[in-house]
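Here the structure is laid out as structure tokens; the discussion comes afterwards.
Each chain gets a letter, A, B and so on, in the order its sequence line appears, and its residues count up from 1. The analysis underlying the following values was restricted to heavy atoms, covering all of them including side chains, and did not include hydrogens, waters or symmetry mates.
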There are 2 protein chains.
Amino acid sequence: MRIGELGRETGVAVPTIKFYVREGLLPAGRLTSPNQASYDESHVRRLRLIRGLIDVGGLSVAAVREVLAAVDAPGGAVHKVLGAAHDAITPVPPGRPEGLPQARRTVAELIRRRGWLAEEGHPAAEAMAVALAAFQDLGQGAFVEVLDDYADACEQIADADLAYVGRHADVEELVESVVVGTVLGDAVLTALRRLAHVDRSARRYEGYGEGRPVAGGGADEGMEKGGADPS
Amino acid sequence: MRIGELGRETGVAVPTIKFYVREGLLPAGRLTSPNQASYDESHVRRLRLIRGLIDVGGLSVAAVREVLAAVDAPGGAVHKVLGAAHDAITPVPPGRPEGLPQARRTVAELIRRRGWLAEEGHPAAEAMAVALAAFQDLGQGAFVEVLDDYADACEQIADADLAYVGRHADVEELVESVVVGTVLGDAVLTALRRLAHVDRSARRYEGYGEGRPVAGGGADEGMEKGGADPS
DNA sequence: AGATAGCGGAGAGCACCACTATCCGTAGTG
DNA sequence: CACTACGGATAGTGGTGCTCTCCGCTATCT
């Protein structure tokens, strides 16, 4: 397969593919002549992953490069590889609010209370501390009172994620599913949270019946979970 | 208070404040002379909100403008105002994957199965469909099997959020707490999910004890939830 | 054999975004 | 009365994510 076909296959413009190769996101094709190269299914797969991380996950090109480096790393202990991938994924927002040290203590306390095996200085902990400090700055300091509800929910989600991800025998495949599950899973999770908000808000502030009852408007499709067939 | 003090108070550079005023994010100060204006606490508050949404929430300036427009809207029914704020917040990623129609059906089916009072075409539903289609494209179509676990968790979270937000009597205050809770809450939620992943992964792939036991390294702070004092 | 389309590689260019710098004339301040 | 800070406006900056252009070459069609 040549670059044009790769582009058609994935819906990515050819100059963009070249750009990704230059940027080290996508391996170059195998040269068959000094100026002809061939690409295979692994390129298609990798390119789709790149686009997914960028478009849906909202990652920057630089972040994608880091994530892919972690995915491709020779990989010692599974936990380490996953940790590296995780770190590459987790962004820590800028801004240094007033109450950061206090927020860090709140996070450390939460981790302790939960008995979580996580280091205090983990990027995610720092990101969370920044977010909590922002709540504080905005006069919403009481938000910490719902943290345990959030933590409960996150434990459930993490268990579900682990079970899902645990199916993969091959380590490389596992790492990729973790990356995808984490990054795209965030998108799904926030969208679901919005939908749940809409529902709860409708029930509370309308009168249980005013919102259009939903669905059923298009076709009588009876799709169950897991129904979509892979391409 | 003049612009310099406003800047010092919030940690935002004066030219940046001017920029926000030009962009319509922040109302101009009250002119006391043709070329002197005074700012008050509402400006401080609004500016902090803007920075929170941009830095922690990752919103663009344009998105912040929309959100604030919704917050400031004269507001009829509470549910409508919240809906407007919600829509302004929810981004729909670009990219049109192959399986989008199928993914939309999956989402509609989920909403129906859950009995959620949400419209099928809601931005969040669309965002979720895009994310699910991306999973499909990446060969992770089986992810739909954990959707109900995610939905369970989101219902709990939404209930906690509603209870938290429901304290506010004043409508404007309520809307702002919804905006903050939604945008910054996303940041907290994804960070917590990461931490839960780290914990579960450590328990599974290490041996329950290898990870550093966490916390306790800094001081013997005994902070309980809700402890941070507002500034 | 010749025409035509596509290719690999590399550099320059472009559009957008979120600021940031500069300038002007004026206002408040020690 | 010097001096800093201000409001308002315009122009410029740095980073990001592509996109364009050019080159000589190759594969394919007729």
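Rounding to the nearest 0.5 angstrom, the gap separating the CG atom in B:D186 from the CG atom in B:L59 is 9.5 Å.
Look at NZ on A:K18: it is 14 Å from P on D:dT19, rounded to the nearest Å. Nucleotide C:dC17 holds its P atom 18 Å from the CD1 atom of B:I50, rounded to whole Å. The distance from atom CZ of A:F19 to atom C1' of C:dG9 is 15 Å, rounded to the nearest whole Å. For the pair A:M1 CE and C:dC7 C1', the interatomic distance rounds to 15 Å; values are reported in whole Å. The separation between B:E5 atom CD and C:dT29 atom C1' is 15 Å, rounded to whole Å. If you measure from atom CG of B:L59 to atom P of C:dC19, you get 12 Å, rounded to the nearest angstrom. One can place CD of A:E23 at 13 Å from C1' of D:dT19, the figure rounded to the nearest angstrom. Following rounding to the nearest Å, A:I17 (CD1) and D:dG17 (P) show an atom-to-atom distance of 17 Å.
Within the structure, every side-chain polar atom (N or O) of B:S33 is placed at least 4.0 Å from both OP1 and OP2 of D:dG7. Side-chain nitrogen and oxygen atoms of B:Y39 include at least one within less than 4.0 Å of the OP1 or OP2 phosphate oxygen of D:dG7. In this model, the phosphate group of D:dT19 is approached by a side-chain N or O of A:T16 to a distance below 4.0 Å at OP1 or OP2.
Remark: of the listed residues A:L53, A:D72, A:V183, A:L53 is the sole one forming a side chain to side chain contact (heavy atoms under 4.5 Å, CB included) with A:V67.
You'll find that the side chain of A:Y20 is closest to D:dC18, out of C:dT20, C:dG9, D:dC18. Checked against D:dG8, D:dA27, D:dA11, the side chain of B:L31 finds its nearest nucleotide in D:dG8. Picking from C:dG8, C:dA27, D:dG7 the nucleotide with the shortest atom distance to the side chain of B:P34 gives C:dA27. Candidate nucleotides D:dT19, D:dT26, D:dG7 were compared by shortest atom distance to the side chain of A:R22, and D:dT19 ranks first. Comparing D:dC6, C:dG6, C:dT20 against the side chain of B:Q36 picks out D:dC6 as the nearest. Between C:dA21, C:dC7, D:dG17, one nucleotide has an atom nearer to the side chain of A:N35 than all others, and that is C:dC7.
Between B:T182 and B:T90 the shortest side-chain heavy-atom distance does not fall below 4.5 Å.
B:H168 places no side-chain N or O within donor-acceptor distance of the main-chain N or O of B:V165, the cut-off being under 3.5 Å.
Among the atoms of the strands shown, only primed sugar atoms or phosphate atoms (P, OP1, OP2) are found under 4.0 Å from some heavy atom of A:S60.
Taking the six-membered ring for Trp and thresholds of 30 and 60 degrees, B:F143 and A:Y164 have ring planes more than 60 degrees apart, a perpendicular arrangement.
Between the side chain of B:R2 and the base of C:dT29 there is no donor-acceptor pair of N/O atoms closer than 3.5 Å.
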